[in-house]
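We count ligands from 1, going down the list as the structure has it; atoms in each ligand are counted the same way. Not measured: the values here are computed from a predicted model.
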Amino acid sequence: MAVNVQGLSDNARKTATTELNARLADGLALAMAIKQAHWNLKGRNFIAVHELLDTVHANLVAHLDVMAERVQILDGVAIGTAERVAEASSLAPYPVDLTKSDDHIRAICDRMRDHGAKLRAAIDTTEDAGDADTADVFTAASRTADKDLWFMQSHLE
Ligand SMILES: [Fe+2]
């Protein structure tokens, strides 16, 4: 069985790079949607949500950086251009006509929930393929995603 420098099997490496690039594409699309909301929302709780969105964006992008670098570690190519992300993202397209704060929060929460579910699935897929370290990258991203979804969702209660 072929192994790479870390001693991972070809199947583990390929599964991991495929999963990492898939979640990277969704995460980058989500990051752009979060900025779209950050810039365009209006409402009584404007400043709180405006600032929270930047925190959520920063947390998300930090995990995406780890994912992209993990692809390189595994001898893959991280795919993060706007054109390729637009093709590869599995998230629902973000509307550009929203203005109300609650509408933006709901639209972002829907996509965060979708992204979170796919991160959880990626934990199992990469663990099963034999790459516990990539599974750990997804676990860390998933834990942050859950916390930030709670922060966002709490504005709607
Ligand atoms: Fe800003």
- Task: Walk me through it: do K118 and D114 pass the test salt bridge (charged side-chain N to carboxylate O under 4.0 Å, His left out)?
- Result: CA-CA 6 Å; K118 287 165 181 168; D114 187 20; 3.1 Å; yes

- Query: How would you list, by chain and number, every residue that makes a salt bridge (charged side-chain N to carboxylate O under 4.0 Å, His left out) with D54, sequence neighbours excluded?
  - Reply: K35

- Message: Distance alone, cut at 3.5 Å: any donor-acceptor contact between the side chains of D131 and T126?
- Response: no

- Which heavy-atom pair separates R111 from P93 by the least distance, and what is that distance? NH2-O, 2.9 Å

- Cationic N near anionic O, under 4.0 Å, R113 to D110: yes

- Task: Dump the intermediate steps for salt bridge (charged side-chain N to carboxylate O under 4.0 Å, His left out) on D136 and R70, then the final yes or no.
- Result: CA-CA 11 Å; D136 183 62; R70 180 80 188 153; over 6 Å; no

- Note on the structure: Taking 2.8 Å as the strict upper bound, the Fe ion (ligand 1) has protein N, O or S neighbours numbering 1

